[in-house]
Every structure is written in structure tokens, then in C-alpha cells.
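Below is one structure; the comments refer to it alone.
Below, chains carry the letters A, B, ... as their sequence lines are ordered, and counting in each starts from 1.
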Amino acid sequence: MAKLRTTAKPLFSAESATSAKFIIAVIASIGLMALDNRTDWLDDARGWLAVAGYPIHSVVQLPRQTLSRFDSALQDRRALLDRIEALEQRDLFNTVQLQKLTALETENRRLRLLLESSARLPERVIIAELIKVDTDPYRHRILLDKGWRDGVRKGQPLLTQSGIAGQIANVTPWTSDAILITDTHHALPIQIDRTGQSTIAQGSGTFHRLDLLYLPNDSDIRPDDWVSTSGLGGRFPPGYPVGTVAQVEIDTGQAFARISVHPAAQLDRVREVLIVIGYGFAADGNPLTAAQDESVNSP
Amino acid sequence: MSGIVRRRDGGLIVISFVAAVILGAVRLPTWIDLFWPSWLTMVLIFWCLHRPNRVGIATGWLFGLLTDLLRGGLLGQHALALALVAFLSRKSRSRLRLAPVWQQAISVFVFVLIERLLVVWIIDGMIGYPPQDLKFLMPVPITLLAWPLITLLLSDLGGIHHVD
């Protein structure tokens with residue numbers, strides 16, 4: 001500032017330009033955030049813009065893919081043989097189980113026909129791999145490598161081998177964003193297997209807990225009770241395992257019991273998920289449109 | 001500060017930003033992720049201090065928007081935070097540019113702290129994702145330690161000396 005006399009003019013204009021730019025940036029950011037948070041106008045634009053991020057995701061994926069390729073190339077022959085044997089055994093076991101199940105399913109369909117209720121259609125699923133970049137620890141969103149072109153649509157449920165995982169929140173042509181059931185903004189219609197009582201499981205923001213809402217203090221519910229999807233709301237297929245009741249806390253001063261559920265799917269270490277892209281004969285791959293927009297977001 | 005010198009490091013600016021974006025997008029085991037510093041913020045501060053004609057608030061805002069797109073979060077959230085960081089570095093440029101590295105590091109610490117608080121505490125809190133512990137502040141001290149490395153590396157590659 002000692003040389004103020006000679007540099008005052010350009011310095012001043014540069015300074016005020018900086019402030020003006022900053023104010024514009026602040027207004028633009030707040031505008032974007034408000035639009036994005038309050039409306040869904042930006043969803044399509046976001047889908048297309050996210051395509052721009054695709055090369056970056058691919059670069060990020062590269063080292064891990066190369067490593068896993070090396071890993072499988074370097075694996076001991078003996079270990080591989082053991083693994084094949086173990087898998088064959090499991091396959092045999094599963095096939096036997098499946099035969100039983102097919103018989104049961106045929107019988108079930110026949111009985112349902114007799115009762116004139118609609119048969120439950122088998123789900124059509126595709127496997128998607130995670131390409132998640134680090135998201136906030138409190139926001140349980142994942143990025144998957146299947147998108148619009150693979151038949152993925154907003155609202156389709158996500159399964160893992162052990163239980164329900166979440167649902168698709170946003171779709172781009174090649175990738176899709178999913179929200180996990182443990183996200184604090186997610187609510188899942190469930191029922192207690194033992195009693196048939198149905199309620200809503202809300203995400204807690206940690207991977208190992210869901211909270212059951214609106215169950216009165218005198219509900220018949222015990223730790224280790226299995227909880228599965230109820231299918232109410234039409235978004236999730238009914239009968240998929242969600243988890244087991246971990247804790248039942250009853251405070252007589254409160255209207256409802258505090259019940260937490262331990263999700264069956266290990267959501268913090270999933271690598272692959274199944275996306276349910278349709279049921280049975282629904283060829284357009286988008287059979288869930290009717291009741292779609294109720295069960296997401298708020299409980 | 002001749003034109004020739006500046007034209008040469010245009011490539012370096014682009015490369016360093018791309019590298020920072022990629023480093024920020026890498027998926028890491030949780031225990032490293034917790035300590036992963038904010039590379040993009042540091043690169044932005046560095047160029048705001050040393051190449052103010054090329055890198056400024058608009059750059060910060062655009063790269064923030066890119067971060068938002070990559071993370072799938074609220075659009076504009078990181079854009080606002082990085083524009084703020086660029087603004088702060090521009091404002092304290094005359095004081096910081098020639099300061100010793102450790103002194104710069106302290107300012108960078110404060111900038112990154114403000115950025116994290118804005119992104120996680122204020123904005124995420126406002127849209128219903130309040131932080132449940134203070135783990136989100138872990139990258140801040142790590143950034144303090146990483147700043148000298150970034151400065152050394154980029155100054156060396158860019159031929160920037162502290163006798164300006």
C-alpha cells in the first residue's frame with residue numbers, strides 16, 4: 001500500500017471486479033441450490049451434465065480394475081480350484097433348493113388362480129456395479145454403472161443377495177444414482193414377518209440401523225424378529241428381507257416405541273447390486289409408474 | 001512476470017486441476033477417505049495466489065459445480081464453497097503470496113475449515129443431512145500438512161519463485 005499513488009486505479013478496479021464476481025457466484029450458487037432442492041427442474045439437466053463426469057469416473061476406476069485383473073491373474077491355481085469346487089457345491093445345493101421352490105411356485109400359482117387373486121410375477125433384474133465416488137458420509141447415495149440405456153428408470157428397487165438395498169433416484173444414459181435405505185431421506189414400507197404388522201422403516205444415516213416409525217408401545221415385537229418389505233406403496237416388491245429387529249426401547253412417556261432394525265444387506269460393503277427393471281411380461285420395463293411418487297422422500 | 005513465463009504454465013494449471021479433480025473422485029477405503037485432504041481446494045488457492053489473472057472466482061465456481069455433479073449432491077453447494085475460497089485467497093493475496101509457507105498453511109487451514117463448515121455443517125444441515133459427528137473436519141488438519149507439499153511441487157514445476 002506504500003505505492004498507492006501509482007497503483008491505486010488498477011488495483012481498485014481489480015478488487016471491485018473480484019467482489020462483483022464473487023457476489024454473482026454466490027447468487028448463482030444459492031439460486032442453483034434452491035432450484036435443485038425445492039424443484040425437480042434440474043434433474044434432466046443434471047442427468048446430461050453428469051455425462052461430462054463419465055470420463056473422470058472411468059479414469060478413477062482404472063487402477064482398481066487393473067489391480068483386480070492382476071489379482072485374478074496372480075491367484076494361486078490351487079486356490080482357484082478350491083474356489084471352483086466350493087462354488088460347484090453351492091450351485092448343486094442351490095439347484096436342489098430351486099427345484100423345491102419351482103414346485104412350490106407352481107402350486108402357489110395354481111392356488112392363487114383358484115382364489116382368483118393375481119399371481120405374483122417374477123422380477124426381471126440386471127446386475128449393476130458400483131462406481132461410487134466418495135460421497136458424504138451422511139448421505140447414502142451410490143453411483144451405478146447401468147443407466148437409461150440398460151432399462152434403468154427412476155424409482156426401481158435395488159436388491160443385494162441378502163436383502164433390499166435401496167432405489168434408483170436419478171438416471172443418466174450410462175449411469176444411475178441410487179439412494180440406500182439407510183439414507184435419512186429414505187422411507188421403506190415394511191412388515192414384521194412374525195406378526196404381519198406393517199409400518200415404515202426410515203434410514204438413520206448410519207449403515208447398520210433403520211428406525212421403525214409409528215409402532216405403539218404395546219406392539220408385539222421382539223429383538224431378532226425378521227422384517228421384510230410389505231409391498232405397500234407399490235414401489236418395492238413384497239416379501240424381500242430387510243433385516244432383523246436389533247433393539248426395542250419402550251419409553252412410556254413417548255407415544256411410540258423406539259425400534260431399530262439391523263439391515264440384512266451389508267450396505268457399506270456392497271460391490272454389486274441387482275436392479276429390478278420389471279416384472280414378468282411388462283415389456284416396456286417400466287411397470288411401476290402408477291404408484292411411484294408416494295413412497296420416496298418423507299415418511 | 002513476463003508473458004513468456006505465463007504462457008508456459010497454462011498447461012500446468014490445467015493438469016494440476018485435472019489431477020486434483022481425479023484425486024478427489026478416487027474411491028478409497030473409509031479409513032483413508034477420512035484423512036483425504038481437499039486437493040482441489042489447495043490447487044485453487046495456490047493458483048489464486050500465484051496466477052490471479054488466470055485463476056479466480058469463476059474457475060473456483062466451475063470446478064465446484066463439477067464436484068457437485070461428480071458427487072451427485074446438491075448442485076451449487078461446492079460451487080459456492082470454492083467461489084468463497086477463491087474470493088478469500090484473492091483478498092489475502094497481497095499478504096500471503098510472499099509469506100513463508102507455514103504462514104500460508106495457517107491461512108489455508110482457515111479457508112478449508114470455512115469451506116468444510118459451509119458445505120457440511122450449514123448447507124447439508126439446512127437440507128436435512130446434519131453431520132452426526134465431527135469426522136467431517138478430519139481433512140482440515142491434513143490439508144494444513146499437505147499444503148507445503150503442494151506449494152513446493154507446483155512452484156517447482158511452474159518455475160514460481162518467492163522473489164516475485
Side-chain donor/acceptor pairs under 3.5 Å, residues 142-151 of chain A, sequence neighbours excluded:
{"from": "A:Asp145", "atom 1": "OD1", "to": "A:Glu129", "atom 2": "N", "distance (Å)": "2.8"}
{"from": "A:Lys146", "atom 1": "NZ", "to": "A:Ile127", "atom 2": "O", "distance (Å)": "3.2"}
{"from": "A:Asp150", "atom 1": "OD2", "to": "A:Gly147", "atom 2": "N", "distance (Å)": "2.9"}

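- Of the two parts of A:Val59, only the side chain, counted from C-beta on, holds a non-hydrogen atom closer than 4.5 Å to a non-hydrogen atom of chain B.
- One finds the CG atom of B:Leu69 at 9.5 Å from the CD1 atom of A:Ile56 (value rounded to the nearest 0.5 Å).
- In this structure, chain A has a heavy atom under 4.5 Å from the side chain of B:Ile57, while its backbone stays farther away.
- Between chain B and the options A:Thr206, A:Asn37, A:Asp177, heavy-atom pairs under 4.5 Å are most frequent for A:Asn37.
- Scanning both residues, A:Met33 and B:Gly76, for their nearest heavy atoms gives CG-C, 3.8 Å.
- Within the 4.5 angstrom heavy-atom criterion, atoms from both the backbone and the side chain of B:Leu84 approach chain A.
- Rounded to the nearest 0.5 angstrom, A:Ile30 CD1 and B:Gln77 CD are separated by 12.5 Å.
- Separating the CG atom in A:Asp36 from the CG atom in B:Leu74 is a distance of 5.0 Å, to the nearest 0.5 Å.
- Contact annotation for A:Thr172: neither backbone nor side-chain heavy atoms come within less than 4.5 Å of a heavy atom of chain B.
- Looking at A:Leu35 and B:Leu75, their side chains never come closer than 4.5 Å, going by heavy atoms from C-beta outward.
- The two residues A:Ser29 and B:Trp61 have their closest heavy-atom pair at OG-NE1, 2.8 Å.
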